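Shown next, in structure tokens, is the structure this report addresses.
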4 protein chains.
Amino acid sequence: MSLPAEFRSDNAAPAHPVVLDALAAANEGSAGAYGNDPWTRRAEAWFRDQFGGQVESYLVWNGTGANVSALRAMTRPWEAVICSDQAHIHVDECGAPELLSGCKLLDLPSADAKLTVEQVRAAALKGVGFEHHVQPRVLSLTQTTEYGTAYSVDELGALVAEAHGHGLLVHVDGARIANAAASLEVSLRELITDTGVDALSFGLTKNGAIGAEAVVLLNPALAPQFKYVRKQSTQLASKMRFLAAQVVALAEHDLWLDNARQANAMAQRLAAGLTAAGVNVTQHVQANAVFALMEPALIARLQEQFHFYEWDETRHEVRLMCSWATEAADVDALVGSV
Amino acid sequence: MSLPAEFRSDNAAPAHPVVLDALAAANEGSAGAYGNDPWTRRAEAWFRDQFGGQVESYLVWNGTGANVSALRAMTRPWEAVICSDQAHIHVDECGAPELLSGCKLLDLPSADAKLTVEQVRAAALKGVGFEHHVQPRVLSLTQTTEYGTAYSVDELGALVAEAHGHGLLVHVDGARIANAAASLEVSLRELITDTGVDALSFGLTKNGAIGAEAVVLLNPALAPQFKYVRKQSTQLASKMRFLAAQVVALAEHDLWLDNARQANAMAQRLAAGLTAAGVNVTQHVQANAVFALMEPALIARLQEQFHFYEWDETRHEVRLMCSWATEAADVDALVGSV
Amino acid sequence: MSLPAEFRSDNAAPAHPVVLDALAAANEGSAGAYGNDPWTRRAEAWFRDQFGGQVESYLVWNGTGANVSALRAMTRPWEAVICSDQAHIHVDECGAPELLSGCKLLDLPSADAKLTVEQVRAAALKGVGFEHHVQPRVLSLTQTTEYGTAYSVDELGALVAEAHGHGLLVHVDGARIANAAASLEVSLRELITDTGVDALSFGLTKNGAIGAEAVVLLNPALAPQFKYVRKQSTQLASKMRFLAAQVVALAEHDLWLDNARQANAMAQRLAAGLTAAGVNVTQHVQANAVFALMEPALIARLQEQFHFYEWDETRHEVRLMCSWATEAADVDALVGSV
Amino acid sequence: MSLPAEFRSDNAAPAHPVVLDALAAANEGSAGAYGNDPWTRRAEAWFRDQFGGQVESYLVWNGTGANVSALRAMTRPWEAVICSDQAHIHVDECGAPELLSGCKLLDLPSADAKLTVEQVRAAALKGVGFEHHVQPRVLSLTQTTEYGTAYSVDELGALVAEAHGHGLLVHVDGARIANAAASLEVSLRELITDTGVDALSFGLTKNGAIGAEAVVLLNPALAPQFKYVRKQSTQLASKMRFLAAQVVALAEHDLWLDNARQANAMAQRLAAGLTAAGVNVTQHVQANAVFALMEPALIARLQEQFHFYEWDETRHEVRLMCSWATEAADVDALVGSV
């Protein structure tokens, strides 16, 4: 347990030591630049193994880069991306999706950061064929969501089916896709490939990397020009082996899954402890985040000992994020202080 | 000496072991995300120490990201960037500068990848005030250049003065700025701050990092909004300590300079050896690149033993890049084979 | 009265005959291209006379072009435009503002297409200084609104003051600014200059032109580079005298105001007649639009005789637009049919 | 003959009186907005009649709007447009093509503003498949060129064949396409459809309109989404009947061709007269422009009587543009003054 214990963000966590070891191990001799190296081949093989032999994967620096690249490959500038009003692409990327794709984001209200089939249907039908309106083209879903909730496999499948029925492609922002797979106890193939998702931003930074993500293209029509999209989006790494080595370190031997399970378990422990202490937990805890209402005095007192953010200052809702590095002692200390 | 010895690119070189050690050392406990960490503070302090107390520095992922972010901060979309026709921003970034900034690049012919004051003057005057033309706004120079040549301090100062005289800002693409400082035997302050450069892309990846660059803003008018530019350009790292740790590892104790000196020295050794062997070296060797004309049969034979590219297939000109990791034995082996 | 009478749009109306006469009169001999002509000088003089001597005006082709050019001059791509969720720029311009400016539009809910000071305050404060968020920079208001409502001079002044207090600029989409001046019985100077608006899209096409609009820049800081913005936004006319002649024809002798008064009066007559006939008129009628709820059978029967749109099919709300060319007989016929 | 006679630009000429009559005639009663009117149907029918039944045509405001819209429909942002270094899209559109399409223009040197098959071949092959380079996608040719020269039907066909052989699409900037058809004495179908051009910017403003152009899509793959491209490029006219009426006025009864013939004939008369007077005419006169070298003193003296531009001040080359409105007396007066 580090002091003060860390509940701000899974980005504040360190990398898993295995990742650092893998970086050092990859630092042997010269290697082809821009992905022409054996580590990148191994990472690609792992993605094919997990998602199916037809997928193409492209390593990128970070989550915004993954999302923007994926959306650019799926849209033309007069088209639109349907998303939740809590979506990271809408709220937290400083307009990068709009700038690079030219597209408008059509955000829909969502109390739990999840969209419903009915919402998607209405948005998908709006203004179609009418030249004054942007044309709906992509449904972007975050899994697990910005509120720590998760779409079930059935929910995700139904949303994809609805979107495809209207000619839309489906993108999943999987900055925390590992937490989803761990929470739902399903394979990546069941969760993503079998539900029909077209493109996935596969996140590893929050999961224990120092900085590495991937765009996984399930829909083969998106692949041929993706290398240009990645480069033009400033997301092509020259010494790519050091991205690939991180992926390989977390991917092989299921470290990614162990890390997600630990983070999820800590959030469950935290939510249970808070609830038992009478605190109002406001969202379903289906991943590594706990949202809760607390009195300002309590928040102030806790922040002397623990790092975390007041998410919504108008109603004194805090966000407590667990990571692969969160320990039971951290959680118990916080619950104890409450 | 690794086999086959590597002369393709300084991007094919490994990272310096000190960088890997620094990454491991930085992986202790939690740290604020997005640059709110002590490693980033140390990196910033180093840039101020080198360039002057007023500079602001922003860490980014890669060279294209640094260049694009810097140019976006310096331009509006109806303005233009004057550069060499060999400039990386013009030739090797897949249109990223144009897409993200909206600007046109005005490329000028340059046999040695260096621009002259006369060229800049003519370009700076063209179409000024005429609404049908893009308006010249930035002069972008690469130091050292894509051809391994270097602007002297006097040349750089004269170009900056000319540009400033026309109301232009000056950007330096310093993907190999360390090689320039080493080659010219001047401090970064003498080379960049004192010549009046407004913004610098400071490269460390080719110098021995696994992937880390910085935008150094000398002109304080560029700083206030730069954090938004970086984020919207997809170049904001969440676990930024791992970028900063690389910078600190290379920066402190002058490892960056030692690495550049080694690369430059190997290029000198190579050029001298090739010239002695009767090979026509086509560019001044002022950094870590050697360009040379070779018979196709010789190229083919050498490529069995050594990694390198034929740069211009029409005239059989090869590019041989040295890096911090190139050893005298590598060079001597190649020269011996010739 | 033309048959069927026209209530679809003020864009479906013909041009005023005086405009056609002016075009023919302007067609004498050669004239400088791109605005270097005496008609453009006269149009500019009229705008200075109406709005104040310091304003700069730029003629453009159409309303989307005016809005996009104005917003581009007021923003950088990481900034945002606050507007109503009914705003033309948000709903009816196929993403042109986003594509050309790079900016995100932050739309706020508004039952009558008007924003309140409280809404603007909350939006202006959101995410300021936080690099993950777009930065609020412009408040864009439509006057009269897309629902035929109008901001009073006091309302507009309060909104501008609130926006300026947060460092925001204010744009007014005045596609129907003439209807506002006529409805509120105020001068353009009182309505726009004295309330502190920074930039106005001044619409004339709906008012009786064949196609001519202007961007009026009240804030002198916006003017110096506007000519480049207009050209790069594809909105610079070569034979500009034919735009200017339309402006002059409508502007001088207050034809623009007479046209707006006629359109507004017809809407009042229509709303009164419908209300008397028991129809539920859903918005304040403060310009030339009437929104009303009607039974589907009534809508179907009326559409046999009259051109108009069902605005909201879910609640059977129709939009009936009057124009300068609408006659009392048209209105009375429609009311009679009801 | 107007005084001073006009040789600055075909944009300085008035509109043909028949166009003004057509505008007045179109101003009868209401009409559907945005092209839902009978004049637009007639214009479309004329384009099909001229180019073939499969073409789709879209009316736009101006030449830059036509070019930008056409190029946007043909490209993705990581692709490139090959053009002459004299091309209007490269030199005279203030970066609008780059801003709206995101694409880079690859300009090739051309003493007479015409490209050769060899140039196109080299440019089409450069960097293909290499993710660091923009990918060549469109060849854009101007017909007649910015220097008043024309591609023959054979030349144009060979360029199209070369481009298509590399998977490129071909755009023709036909701001003066009428002058080409008149000069070459071929039909539009022979010149454009039969040579295989994919998209044409069809210019009428310089030909005698007040302001009207069209994008003619020969390649049916470009049509389905073009209406969105036009709208998002700010080029959709609300009262489109007034664009269509201009097209119809010039198109039917071959007025467009008569106007072009007159302009071309005046340029021939002018070139012949100047040559006879010992003036060095520097470009082939194949349309309505004459370029000539003159002593500064002569230029100054002539400019007291005649409107024209010194095109290249370094070598004292003037440009003398004729239009449909240029009369023999204008030409003879200028030649006489020389």
Side-chain angles (χ1 to χ4, degrees), chain C residues 2-6 8-9 11-17 19-21 23-24 26-34 36-37 60-69 93-96 99-100 205-206 209-211 228-243 307 323 325, chain D residues 2-6 8-9 11-17 19-21 23-24 26-34 36-37 60-69 93-96 99-100 205-206 209-211 228-243 307 323 325:
Chain C
S2 57
L3 285 168
E6 179 63 69
R8 279 178 295 188
S9 167
N11 281 321
H16 195 282
V19 169
L20 275 299
D21 293 346
L23 288 173
N27 196 37
E28 289 298 320
S30 73
Y34 302 112
N36 298 309
D37 67 77
V60 295
W61 294 114
N62 61 352
T64 295
N67 288 337
V68 166
S69 300
E93 300 189 352
C94 198
L99 177 71
L100 278 94
T205 306
K206 292 174 166 68
I210 66 167
Y228 308 112
V229 172
R230 177 174 61 175
K231 173 62 189 175
Q232 198 185 29
S233 304
T234 79
Q235 288 286 318
L236 178 64
S238 54
K239 294 181 173 176
M240 199 183 288
R241 58 170 141 172
F242 297 110
L243 292 184
H307 280 314
S323 78
Chain D
S2 57
L3 284 168
E6 178 64 69
R8 278 177 296 190
S9 168
N11 281 322
H16 195 283
V19 169
L20 274 299
D21 294 344
L23 289 173
N27 196 37
E28 289 296 322
S30 74
Y34 301 112
N36 298 310
D37 67 76
V60 296
W61 294 113
N62 60 353
T64 296
N67 288 338
V68 166
S69 300
E93 300 189 352
C94 198
L99 177 72
L100 279 94
T205 306
K206 292 174 166 68
I210 66 168
Y228 308 112
V229 172
R230 177 173 63 175
K231 173 63 189 176
Q232 198 185 30
S233 304
T234 79
Q235 288 287 319
L236 179 64
S238 55
K239 294 181 173 176
M240 198 183 288
R241 59 169 141 170
F242 297 110
L243 292 183
H307 280 314
S323 79

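We name chains A, B, ... by the order of the sequence lines, and we start the count at 1 in each one. All of these numbers come straight from a predicted model, not from anything done at the bench.
Contact detail for D:Q232 and C:L99: the closest heavy-atom pair is NE2-CB, 3.7 Å. Pairing each heavy atom of D:S30 with each of C:E6, the nearest pair is OG-OE1, 2.8 Å.
D:T234 contributes atom OG1, which lies 10.5 Å from atom CH2 of C:W61 (distance to the nearest 0.5 angstrom).
Contacts with chain C were tallied for D:A31, D:P17, D:A26; D:A31 has the most, counting heavy-atom pairs under 4.5 Å. When each of D:A237, D:S69, D:S238, D:A33 is checked for heavy-atom pairs under 4.5 Å with chain C, D:S238 comes out on top. Between chain C and the options D:L100, D:L236, D:V68, D:L23, the largest number of non-hydrogen pairs under 4.5 Å is found for D:L100. Each of D:G95, D:G211, D:G63 has some count of heavy-atom pairs under 4.5 Å with chain C, and the biggest count is that of D:G95. The most heavy-atom pairs under 4.5 Å with chain C, out of D:C94, D:G65, D:A24, come from D:C94. Per-residue heavy-atom pair counts under 4.5 Å with chain C were compared for D:S9, D:A15, D:G32, and the maximum is reached by D:A15. For the set C:N62, C:V19, C:N67, C:D37, the count of heavy-atom pairs under 4.5 angstrom toward chain D peaks at C:N62.
Proximity to chain D (any heavy atom under 4.5 Å) is shown, for C:L243, by neither the backbone nor the side chain. When heavy atoms are compared at a cutoff of 4.5 Å, C:A66 does not approach chain D at all. Neither the backbone nor the side chain of C:S323 comes within contact range of chain D; no heavy atom of the residue lies under 4.5 Å from a heavy atom of that chain. Neither the backbone nor the side chain of C:A325 comes within contact range of chain D; no heavy atoms are under 4.5 Å apart.
In this structure, the side chain of C:R241 engages the main chain of D:A12 through a donor-acceptor pair within 3.5 Å.
If you check the side chains of D:T64 and C:K231, you find a donor sitting under 3.5 Å from an acceptor.
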